[in-house]
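Before any comments, here is the structure.
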Amino acid sequence: MDLNEQKSAPICEALEYIKRQRLVPFDVPGHKRGRGNPELVQLLGQQCVGLDVNSMKPLDNLGHPVSVIRRAEELTADAFGAAHAFLMVNGTTSSVQTMIWSVCKAGDKILLPRNVHKSVINALVLCGAIPVYVEVQVNPQIGIALGVELEQVRRSMDENPDAVAIIVNNPTYYGVCSNLEGIVALAHERGIKVLADEAHGTHLYFGEDLPVSGIAAGVDMAAVSMHKSGGSLTQSSILLCGETMDEEYVRQIINLTQTTSASYLLLSSLDISRRNLALRGRESFEKVKHMAEYARNEINEIGGYYAYGKELIDGDSVYDFDVTKLSIYTQGIGLTGIEVYDLLRDEYDIQIEFGDIGNILAYISIGDRIRDIERLVGALEDIKRLYEKDSNALYCGQFIQPELAMTPQQAFYADKRRIPLSQTAGKISAELVMCYPPGIPILTPGERITEEIIAYIRYAKEKGCSVQGTMDPAAEFLNVIA
């Protein structure tokens with residue numbers, strides 16, 4: 001990486017040039033630098049609204065970049081060590097789906113762990129590829145899915161020699177990493193493409209003593225959520241490619257679904273954030289690591305909670321652990337994660353990333369301060385003192401791996417009927433059911449519903465989880481195959 005070149009932010013510089021020109025806008029957006037919508041200016045500020053502009057020659061075009069956006073993508077590829085990089089403004093959802101559509105077509109098999117993000121399943125609904133789930137182990141103490149074991153990957157590849165790709169979470173939402181380099185070696189021996197969902201792994205490219213990044217491990221493509229730990233604006237993402245991928249073909253796939261009206265607010269935030277990480281990322285993520293480790297130690301001193309870390313590493317199902325993830329098991333104090341999540345927000349004005357049945361995640365990033373960590377630790381200590389209960393009645397919340405009876409596409413487009421949730425046992429789901437966040441499906445289209453799944457959905461709703469994906473907003477009725 002050439003640090004002198006990384007000091008440039010070509011999109012940002014082009015926007016500054018346009019701003020100095022004081023152009024008279026007879027193009028879109030119709031608010032005309034905010035003059036047509038003063039309330040928007042009042043909310044967001046003139047600086048922001050004034051830079052919400054349309055594609056024009058000096059600013060390039062994201063669908064077919066030839067100048068400043070092309071240069072920003074080259075700098076991004078250099079900063080992340082990739083052969084090619086694409087700036088994405090439809091979120092990491094579009095990055096993940098582009099990866100799948102670039103290597104899979106209807107009828108192709110793709111290997112994946114069951115704890116993938118819903119964007120993966122939705123991509124399969126649209127392209128018609130067939131999921132083959134690699135079995136994942138569950139930590140019985142904290143009830144979370146772990147990484148994929150190398151031997152399970154080998155077995156899945158041996159049983160499905162016609163598989164064309166495998167997707168791996170690096171890391172999972174909770175911080176667990178699989179043996180990515182080992183998976184890449186197994187896959188490439190068989191001509192299988194490896195895709196890394198790195199929605200929570202931007203920092204792996206810049207921090208020291210962290211799990212290996214996808215590109216460094218040799219994956220063919222990686223979807224990286226810059227807006228999570230990288231500091232860019234929400235909905236901005238990057239897609240990285242190795243030498244094995246045809247850059248222009250991938251861009252064609254991107255252009256099937258990506259907007260033709262790309263936001264320069266998002267693009268410039270990616271450009272500036274890449275520059276910031278290239279120049280200061282190592283130092284920044286070292287601080288993030290120390291803050292997370294400090295918080296982990298302090299929380300474990302409280303008792304009842306379990307802020308887990310590298311002690312989970314077993315060299316297989318937990319090959320490595322991302323210590324920047326402050327994941328905390330809460331049922332030791334008799335409360336579910338979502339109950340602690342609600343208490344932190346409603347009683348202590350602390351907004352954490354998510355709460356599920358057994359855990360919470362406090363996302364530590366380059367914008368956090370040690371005094372914020374101390375406030376979180378103090379609030380958790382207070383919650384234990386005031387709200388602790390007997391934990392015997394709590395459901396363990398273990399990760400469920402349902403039976404796949406039909407492909408997601410077949411089930412989604414099949415004739416269906418809506419019936420009460422209580423009557424769905426034994427039926428095949430025709431829609432997605434999940435708690436969001438974290439966005440890992442409880443059910444995907446094509447999976448068989450069991451009494452255990454019904455109980456889990458009801459328990460999650462009862463405890464306050466946001467159950468999403470169903471046509472019925474209350475998730476009291478499910479669409480099943482007719």
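The analysis underlying the following values was restricted to heavy atoms, covering all of them including side chains, and did not include hydrogens, waters or symmetry mates.
- In this structure, Leu267 CG and Met88 CE are separated by 11.0 Å, a value rounded to the nearest 0.5 Å.
- Atom CD1 of residue Ile357 and atom OG1 of residue Thr330 lie 9.5 Å apart, to the nearest 0.5 angstrom.
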Requested in this report: Could you walk me through whether Glu73 and Arg251 pass the salt bridge (charged side-chain N to carboxylate O under 4.0 Å, His left out) test, one step at a time?
Outcome: CA-CA 12 Å; Glu73 290 183 337; Arg251 195 179 300 281; 2.8 Å; yes
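- Around the CG atom of Asp415, the shell of radius 6.0 Å holds no more than 12 heavy atoms that belong to other residues, nucleotides or ligands.
- Looking at Thr424, its side chain does come within 3.5 Å of a backbone N or O of Leu421 through a donor-acceptor pair.
- In terms of heavy atoms, Gly214 sits closest to Leu180 at CA-CD2, 3.7 Å.
- To the nearest 0.5 Å, the span separating CE on Met221 from CE on Met245 amounts to 4.5 Å.
- Side-chain atoms of Arg448 do not come within 3.5 Å of backbone N or O of Ile428 as any donor-acceptor pair.
- Side-chain atoms of Tyr387 never come within 3.5 Å of backbone atoms of Leu335 as a donor-acceptor pair (strictly under, hydrogens ignored).
- Within a 6.0 Å radius of NZ in Lys389, other residues, nucleotides and ligands contribute 12 heavy atoms or fewer.
- Put simply, the side chain of Gln152 never gets that close to the backbone of Glu149: no donor and acceptor are under 3.5 Å apart.
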**Report entry** Evaluation steps, side chain to side chain contact (heavy atoms under 4.5 Å, CB included), between Leu87 and Asp271
**Finding:** CA-CA 9 Å; Leu87 306 185; Asp271 200 23; 5.7 Å; no
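- Heavy-atom minimum distance, Lys325 versus Tyr174: CB-O, 3.9 Å.
- With contacts defined as side-chain heavy-atom distances shorter than 4.5 Å, the pair Tyr459/Thr336 qualifies.
- Using a 4.5 Å cut-off on side-chain heavy atoms (C-beta onward), Ser55 and Tyr264 make contact.
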Query - Derivation of the side chain to side chain contact (heavy atoms under 4.5 Å, CB included) call for Val433 and Ile457 - result: CA-CA 8 Å; Val433 186; Ile457 294 170; 3.9 Å; yes
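- Side-chain atoms of Asn160 do not come within 3.5 Å of backbone N or O of Lys109 as any donor-acceptor pair.
- In this structure, Arg70 pairs ionically with Glu248, as a charged nitrogen and a carboxylate oxygen lie closer than 4.0 Å.
- Using a distance-only test at 3.5 Å, with no hydrogens or angles considered, no donor-acceptor pair links the side chain of Thr172 to the main chain of Asn169.
- In terms of modelled atom types and a separation under 3.5 Å, the side chain of Glu181 and the main chain of Gly218 share no donor-acceptor contact.
- For the atom pair Lys228 NZ and Glu353 CD, the distance stands at 7.5 Å (nearest 0.5 Å).
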Requested in this report: Start with the C-alpha distance between Asn479 and Lys416, add both sets of side-chain angles, then the distance that settles side-chain hydrogen bond (donor to acceptor under 3.5 Å, both in side chains), and finish with yes or no.
Outcome: CA-CA 6 Å; Asn479 282 327; Lys416 54 185 74 80; over 6 Å; no
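- When side chains are defined from C-beta on, Ile350 does not count as touching Asp372, because their heavy atoms never get closer than 4.5 Å.
- For Asp220 and His188, the side-chain atoms include at least one donor-acceptor pair closer than 3.5 Å.
- Centroid-to-centroid, the aromatic rings of Tyr205 and Phe285 stay 6.0 Å apart or farther.
- Judged by distance alone, with hydrogens and angles left aside, the side-chain atoms of Ser95 form no donor-acceptor pair with the main-chain N or O of Ala223 at under 3.5 Å.
- Taking the six-membered ring for Trp and thresholds of 30 and 60 degrees, Phe80 and Phe206 have ring planes more than 60 degrees apart, a perpendicular arrangement.
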Requested in this report: Please lay out, stage by stage, how Tyr306 and Asn300 fare under the test side chain to side chain contact (heavy atoms under 4.5 Å, CB included).
Outcome: CA-CA 6 Å; Tyr306 175 33; Asn300 285 332; 4.0 Å; yes
Report task. Mind running side-chain hydrogen bond (donor to acceptor under 3.5 Å, both in side chains) on Gln468 and Ser466 for me, showing each step along the way? Result -> CA-CA 6 Å; Gln468 300 183 15; Ser466 175; 2.9 Å; yes
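- Side chain of Asp368 to backbone of Ser365: a donor-acceptor contact under 3.5 angstrom is found.
- In summary, Glu476 and Arg458 engage in a salt bridge, as defined by a charged side-chain N under 4.0 Å from a carboxylate O.
- For the pair Ser269/His227, no side-chain contact is recorded, criterion being any heavy-atom separation below 4.5 Å from C-beta on.
- Annotation: side chain of Glu447 is not in contact with side chain of Ile453 (no heavy-atom distance under 4.5 Å).
- In this model, a donor atom of one side chain and an acceptor atom of the other lie less than 3.5 Å apart for Ser225 and Thr92.
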**Report entry** Leu376/Leu344 under side chain to side chain contact (heavy atoms under 4.5 Å, CB included): CA gap, chis, key distance, verdict
**Finding:** CA-CA 8 Å; Leu376 172 64; Leu344 284 169; 4.1 Å; yes
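- Enclosure of atom CZ in Phe412 is not indicated, since only 12 or fewer non-hydrogen atoms of other residues, nucleotides or ligands lie within 6.0 angstrom.
- The one candidate from Asn170, Asp197, Leu240 that meets the side-chain contact (heavy atoms from CB on, under 4.5 Å) condition with Val224 is Leu240.
- Smallest separation of non-hydrogen atoms from Asp316 and Leu150: OD1-N, 3.5 Å.
- When all heavy atoms of Pro445 and Ala411 are compared, the pair lying nearest together is C-CB, 3.5 Å.
- In this structure, a donor-acceptor pair under 3.5 Å is present between the side chains of Asp322 and His203.
- For the residue pair Ala163 and Ile192, the shortest heavy atom distance occurs at O-CG1, 3.4 Å.
- Atoms CZ and CD1, on Arg190 and Ile166 in that order, are 10.5 Å from each other to the nearest 0.5 Å.
- Considering only heavy atoms from C-beta on, Arg114 comes within 4.5 Å of Pro402 through its side chain.
- The closest donor-acceptor contact from the side chain of Arg274 to the backbone of Ala72 lies at 3.5 Å or more, if one exists at all.
- The CD1 atom of Ile338 sits 9.5 Å away from the CZ atom of Phe354 when rounded to the nearest 0.5 Å.
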Report task. Please test Asp356 against Tyr173 for side-chain hydrogen bond (donor to acceptor under 3.5 Å, both in side chains), starting from the C-alpha separation and ending with a verdict. Result -> CA-CA 12 Å; Asp356 63 17; Tyr173 220 152; over 6 Å; no
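- Between the side chains of Thr93 and Ser119, no donor-acceptor pair is found at a separation under 3.5 Å.
- Side-chain atoms of Pro131 and Leu404, non-hydrogen and from C-beta on, do get closer than 4.5 Å to each other.
- The ring pair (Phe, Tyr, Trp, His ring centres under 6.0 Å) search around His117 returns none, not counting sequence neighbours.
- Paired with Tyr308 under the rule side-chain contact (heavy atoms from CB on, under 4.5 Å), one option of Asn139, Asn359, Ile328, Val318 passes, and it is Asn359.
- For Ala187 against Val194, the heavy-atom pair with the smallest separation is CB-CG2, 3.4 Å.
- Inter-residue side-chain proximity for Ile313 and Asp320 is flagged as met; some heavy-atom pair is nearer than 4.5 Å.
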